Amino acid sequence: MGAKYELRGKVAVITLDNPPVNGLGWDTRREFADGIDRAMADPAVVGVVVTGAGRAFSGGADIKEFGSPKAAAEPNLLSLIRQVEDAPKPVVAAIHTVCMGGGLELALGCHYRIAAPGTSVALPEVKIGLVPGAGGTQRLPRVLGVETATNFIVSGEPVKAEKLAALPGQKLFDAIEAGDLLAAACKLAAEKAGQPLPRVRDLKVSHPNADGYFGFARNTVKAMSKNFPAPLKCVDAVEASVKRKFDDGLAYEREIFLGLMLTPECKALRHAFFGERAASKIPDVPEDTPQRKIEKLAVIGAGTMGGGITMNFLNAGLPVVMLEMTQDALDRGLATIRKNYEAQVKKGKLAQDKLDARMALLSTTLNYADIAQADMVIEAVFEEMGVKEKVFKTLDEVMKPGAILATNTSTLDVNKIAAFTKRPQDVVGTHFFSPANVMKLLEVVRGEKTAKDVLATVMALAKKIRKTAVVSGVCDGFIGNRMIEQYSRQAGFLLEEGCTPEQVDKAIERWGMAMGPFRMGDLAGNDIGWAIRKRRYLEKPNMRYSQTADRLCELGRYGQKTGAGWYDYQAGRRDAIPSQVVVEMIERHRAELGITPRKIGDEEIVHRLVYSLVNEAAKILEEGIASKASDIDMVYLTGYGFPLFRGGPMCYADQQGLFNVVHAMKKFAANPHDDAAFWQPAPLLARLAAEGKSFT
Ligand code: NAI
């Protein structure tokens with residue numbers, strides 16, 4: 001693993017070889033540097049070709065090394081690039097498949113670049129809160145022009161090599177080679193031997209109206225990247241390529257890079273980047289666990305969730321049979337799916353022939369015999385144990401052996417559901433979020449008896465339908481909803497003590513949540529929480545909660561669907577209008593409780609809401625319901641509108657310092673109108689805080 005060296009006639013070929021994407025880890029860098037030295041020292045060698053083994057030229061930095069001392073150890077990427085750029089013999093980059101980040105920066109250090117068509121080219125550093133750190137912001141404007149380079153670096157999105165090569169005046173690629181890439185590169189290296197060698201750093205870069213352009217770019221980027229510092233810094237760095245000497249620009253880029261590395265936003269983005277990858281790894285389910293074949297699916301229940309779930313599989317090209325109780329329900333479900341696709345076609349997001357292809361994958365039935373051969377069935381019927389029992393007993397009778405039996409239940413015990421069958425090892429929870437065809441999150445609920453190959457299969461399937469899947473153990477509410485219950489309780493207490501719904505929503509939305517708890521309640525329907533509370537608090541009579549929300553529901557104010565909830569709504573509009581009726585209802589309720597209202601600041605609102613998530617999450621982690629803190633963050637980032645730039649509740653708590661989090665909780669516990677018992681820091685949290693440690 002590293003870089004291979006071989007001779008092709010008079011040309012040395014150095015092949016980056018560090019699967020899966022030839023990340024530029026320390027071993028690779030060192031062997032690459034040795035290869036360049038060897039080629040320069042060998043009088044028989046006239047030139048060098050650099051390429052990548054397997055399915056990439058290079059994907060850039062080796063993410064396995066990220067944050068470790070090895071990442072910056074010499075030879076670092078800047079040193080390699082200097083070595084190549086100053087080499088006395090021509091160095092040609094033979095670029096194919098993937099050329100990103102540090103991989104592209106290395107290529108820009110080479111004297112010539114030839115690319116295969118179809119190569120994905122990008123400087124994606126901005127996506128983890130950084131600017132390119134090895135000269136990308138200084139060299140790219142010199143070969144693509146200022147404006148193209150700015151767009152490319154600020155977006156971080158991949159562009160196909162042939163598209164870049166077609167830009168007038170571009171100097172990024174010397175050629176696009178559809179034939180034998182390596183042969184073409186070797187030929188070029190041999191031809192250029194002994195000639196003066198072009199270096200990107202020596203190219204001129206300018207803009208006819210630099211100040212005007214960069215001012216405009218800054219305004220545009222600022223508006224689009226609120227809360228994220230990196231995109232604006234990308235503009236600063238590109239500006240330096242125009243206004244400073246090359247070496248000064250390079251130093252400035254480095255300075256920005258190192259500064260960004262320390263920002264909370266960059267830490268949050270990196271945490272999310274690694275959290276996404278880590279989520280698919282289950283500690284006791286090895287990556288080579290065999291998987292079951294999933295080629296045909298069945299979905300039971302064509303309601304809100306069944307329809308959305310079905311669309312995910314149709315989108316991924318997998319056939320689905322939907323089963324319902326009545327033809328009417330099937331027709332309605334089918335019509336909704338079609339309508340959703342048609343809306344996408346209208347918006348230009350989906351081609352008509354794709355719509356037809358997807359609908360062709362869908363069939364419907366009223367008869368269990370028609371789904372018996374499905375490889376996996378997902379149940380999304382009414383949320384009642386009795387109904388689930390009937391469905392799972394029937395599934396147990398009819399489904400072929402080895403079929404995966406999944407339930408979309410959001411509140412029921414998956415172990416009990418599994419026990420309705422004689423094959424509990426095949427039963428798993430797949431908890432989708434509404435709208436199921438849109439939301440990224442999928443909680444995969446692992447029952448006591450769920451087989452490892454079932455889990456491995458469902459995690460792989462989740463990837464296929466582009467979900468972020470997080471494994472949760474069985475408990476009331478699983479990871480996400482169990483935490484949100486505490487958050488909602490706090491929101492209720494805040495009303496009792498003096499806040500209005502608008503004040504709470506505004507405070508947490510300014511902090512970054514996509515939607516405050518009361519606007520969220522109105523969107524989801526307050527009656528759902530009401531029904532859950534009636535059941536839950538019967539079971540847990542000692543759990544204190546604010547009854548303000550019950551009073552709201554007693555007024556028939558269920559939310560947007562009834563035109564009134566915590567807010568008023570005008571027909572056909574979603575704008576939340578503060579409601580005098582609600583404010584008066586809250587005041588009456590407060591008076592009944594004998595509470596004198598007080599003014600509550602934004603910081604208290606935010607900390608009570610977010611730390612309630614954190615404390616419950618610490619329990620979830622300690623109980624093993626979640627296997628790692630980053631899983632909990634992924635649930636909140638992808639399913640609950642938690643702000644990405646804060647990295648999730650656990651990442652946020654770590655950044656605040658767990659000592660401070662615990663300290664705040666002790667203060668909240670002393671509030672006579674709050675729930676002192678809840679605010680006792682979870683044992684794991686207390687321990688980590690005492691030891692000066694963090695969750696992540
Ligand atoms: P829904 O009421 O929109 O749809 C349920 C559908 O199941 C109806 O079309 C009904 O005719 C059908 N059905 C009922 N009993 C059946 C049976 N025995 N056989 C075949 N079909 C039957 O309900 P929704 O919202 O789609 O919820 C379904 C499941 O998803 C529930 O377990 C719910 O807790 C869960 N869930 C709901 C979420 C939501 O936001 N609505 C989010 C996550 C999970």
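Note that ligands are numbered from 1 as they come in the structure, with each ligand's atoms numbered from 1 the same way. For this chain, numbers begin at 1 and follow the sequence in order. Predicted, not measured: the structure shown is a model, and the values here were computed from it.
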- Query: When you measure from the side chain of Glu616 to the backbone N and O of Gln486, does any donor-acceptor pair fall under 3.5 Å?
  - Reply: no

- Query: Would a search of protein heavy atoms around atom 23 (O) of ligand 1 find one under 4.0 Å away?
  - Reply: no

- Message: With salt bridge (Lys or Arg N to Asp or Glu O under 4.0 Å) as the criterion, how do Arg551 and Glu554 come out once you've worked through the C-alpha distance, each side chain's angles and the decisive distance to 0.1 Å?
- Response: CA-CA 5 Å; Arg551 297 289 105 81; Glu554 286 158 15; 3.1 Å; yes

- For residues Leu297 and Val377, determine if any side-chain heavy atom of one lies less than 4.5 Å from a side-chain heavy atom of the other. no

- Query: What atoms of ligand 1 come within less than 4.0 Å of a heavy atom belonging to Phe432?
  - Reply: 42 (C), 43 (C)

- For the rings on Phe642 and Trp511, is their centre-to-centre separation under 6.0 Å? yes

- If we number the atoms of ligand 1 from 1 as shown, the ones under 4.0 Å from a heavy atom of Glu324 are 6 (C), 7 (O), 8 (C), 9 (O), 10 (C), 11 (O), 12 (C), 13 (N), 20 (C), 21 (N), 22 (C)

- Below 4.0 angstrom from a heavy atom of Val391, which ligand 1 atoms are there? Numbered from 1 as shown, please. 18 (N)

- Check: Gly308 main-chain N/O paired with Asn312 side-chain donor or acceptor under 3.5 Å: yes

- Show which atoms of ligand 1 fall inside a sub-4.0 Å distance from at least one heavy-atom site of Lys388. 31 (C), 32 (O)

- Task: Check ligand 1 against Phe382 and write out every atom of the ligand that is under 4.0 Å from a heavy-atom position of the residue.
- Result: 2 (O), 5 (C), 8 (C), 10 (C), 14 (C), 15 (N)

- Query: Got a donor-acceptor contact below 3.5 angstrom from the Tyr640 side chain to the Asn481 backbone?
  - Reply: yes

- For Ser434, the atoms of ligand 1 under 4.0 Å from one of its heavy atoms are 40 (O)

